[in-house]
Enquirer: 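Got a structure for you, written out below as structure tokens; questions coming shortly.
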Amino acid sequence: MQLSTRSLLALLLAFGLSANALHFYLDAGERRCFVEELPSDTVVEGHYRAQEWDNEAQTYMHHEKLGVQVNVEEMETGHTVVKTRGPPEGKFTFTSHEAGDHSICLGTNYTSGWFTSRHIRMYLDINVGASKHDQDHDRKHVSDVAQKLRDLNNKLEEIRREQQYQREREADFRNLSEATNARAAWYTVFQIVVLLATCAWQMRHLT
């Protein structure tokens, strides 16, 4: 038995990432299928929980012996995407390789018998996500960021070298100024000594 959920899927895809929970009933040996139309490279995650009817408790209860079988196929190609058997409560994840209808079927490990019949209540929550990340795009983005960081480091290195050059020029100019000032001071002293010697010589000859 197949139950189409195309309108539900359209709503899911309209919001990018959404979840809808539902529950249904199975008998032993029965399988329930849902048809999902998916774009390519879309991640789908399903959570399920199965409970078995307990005659003594008169309610559905968790039973460890109960197993859940999950089968996902691409309906156009017949390719099996998921085929697994799990505990009464678990999850399954797959990525659609091709766009189109996908059949998601759930059943149990119980087989039907002539004298006994087991009734199962199944909860199913399917999350249809956005497309997978483009790894090539991610690598290119990382490469672009790394290149920008290298360029920034090169510019910082150039600024550091320019600052070092300016400090060296300032030091050279300061040394040159100090040397010039020292020579000027010694020249002034020399002029004073010459002037004093000249004055002394003239006074000596005048007397």
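As the structure is a computational prediction, the values presented were derived from the model and not from experiment.
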Enquirer: For residues 77-91, which side-chain donor-acceptor pairs fall under 3.5 Å, sequence neighbours excluded?
Expert:
unit_1, atom_1, unit_2, atom_2, d
Thr77, OG1, Glu74, OE1, 2.8
Thr77, OG1, His79, N, 3.3

Enquirer: For Gln147 and Arg150, which I'm curious about, is there any donor-acceptor pair between the side chains at under 3.5 Å?
Expert: yes

Enquirer: Inspect the surroundings of CZ in Arg167 and state if more than 12 heavy atoms from other residues, nucleotides or ligands are less than 6.0 Å away.
Expert: yes

Enquirer: Run the ring-ring contact (aromatic ring centres under 6.0 Å, His included) test against Trp201 and tell me which residues pass, sequence neighbours left out.
Expert: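 Trp201 satisfies ring-ring contact (aromatic ring centres under 6.0 Å, His included) with His205 once adjacent residues are dropped.
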
Enquirer: How close do Ser96 and Pro39 get, counting heavy atoms only, and between which atoms?
Expert: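 Nearest pair, atom of Ser96 first, then Pro39: OG-O, 2.5 Å.
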
Enquirer: Checking the side chain of His47 only, and the main-chain atoms of Glu45 only, is there a donor and an acceptor separated by less than 3.5 Å?
Expert: no

Enquirer: Can you tell me if CD on Gln69 sees more than 12 non-hydrogen neighbours from other groups inside 6.0 Å?
Expert: yes

Enquirer: Please enumerate all residues that pass side chain to side chain donor-acceptor pair (under 3.5 Å) together with Tyr25, with sequence neighbours excluded.
Expert: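 Tyr25: no side chain to side chain donor-acceptor pair (under 3.5 Å) contacts found.
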
Enquirer: Looking at side-chain heavy atoms only, is the closest gap between Tyr110 and Glu52 below 4.5 Å?
Expert: yes

Enquirer: Going only through I, L, V, M, F, W and Y residues with side-chain contacts under 4.5 Å, is there a path from Phe24 to Trp53?
Expert: no

Enquirer: For the atom pair CG (Leu106) and CG (Asn71), what is the distance rounded to the nearest 0.5 Å?
Expert: 8.5 Å

Enquirer: Could you measure the distance from the SG atom of Cys33 to the NE2 atom of His102? Nearest 0.5 Å is fine.
Expert: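 It comes to 14.0 Å.
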
Enquirer: Honestly curious: do Tyr123 and Ile120 fall in one hydrophobic cluster under the side-chain, below-4.5 Å linking rule?
Expert: no

Enquirer: Can you list everything that forms a salt bridge (charged side-chain N to carboxylate O under 4.0 Å, His left out) with Arg183? Sequence neighbours excluded, please.
Expert: none

Enquirer: Let me have the donor-acceptor pairs involving side chains of residues 58-66, under 3.5 Å, with sequence neighbours excluded, atom names and distances please.
Expert:
unit_1, atom_1, unit_2, atom_2, d
Gln58, NE2, Asn55, O, 2.5
His62, NE2, Glu64, OE2, 3.2

Enquirer: Do Arg174 and Glu170 meet the salt-bridge criterion of a basic N to acidic O distance under 4.0 Å?
Expert: no

Enquirer: Is there a side-chain contact between Phe94 and Leu38 in this structure, where contact means two heavy atoms from C-beta onward sitting under 4.5 Å apart?
Expert: yes

Enquirer: State whether the number of non-hydrogen atoms from other residues, nucleotides or ligands found under 6.0 Å of Glu76 atom CD is greater than 12.
Expert: no

Enquirer: Do any N or O atoms from the side chain of Thr188 and from the backbone of Ala184 form a donor-acceptor pair under 3.5 angstrom?
Expert: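 Yes, Thr188 side chain to Ala184 backbone: donor-acceptor pair under 3.5 Å.
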
Enquirer: Report the residues that fulfil salt bridge (charged side-chain N to carboxylate O under 4.0 Å, His left out) with Glu158, sequence neighbours left out, ordered by chain and then residue number.
Expert: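 With neighbours one apart ignored, the set is empty.
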
Enquirer: Check whether any side-chain N or O of Asp27 sits under 3.5 Å from a backbone N or O of Glu30 as a donor-acceptor pair, and report yes or no.
Expert: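 Such a contact is absent between Asp27 side chain and Glu30 backbone.
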
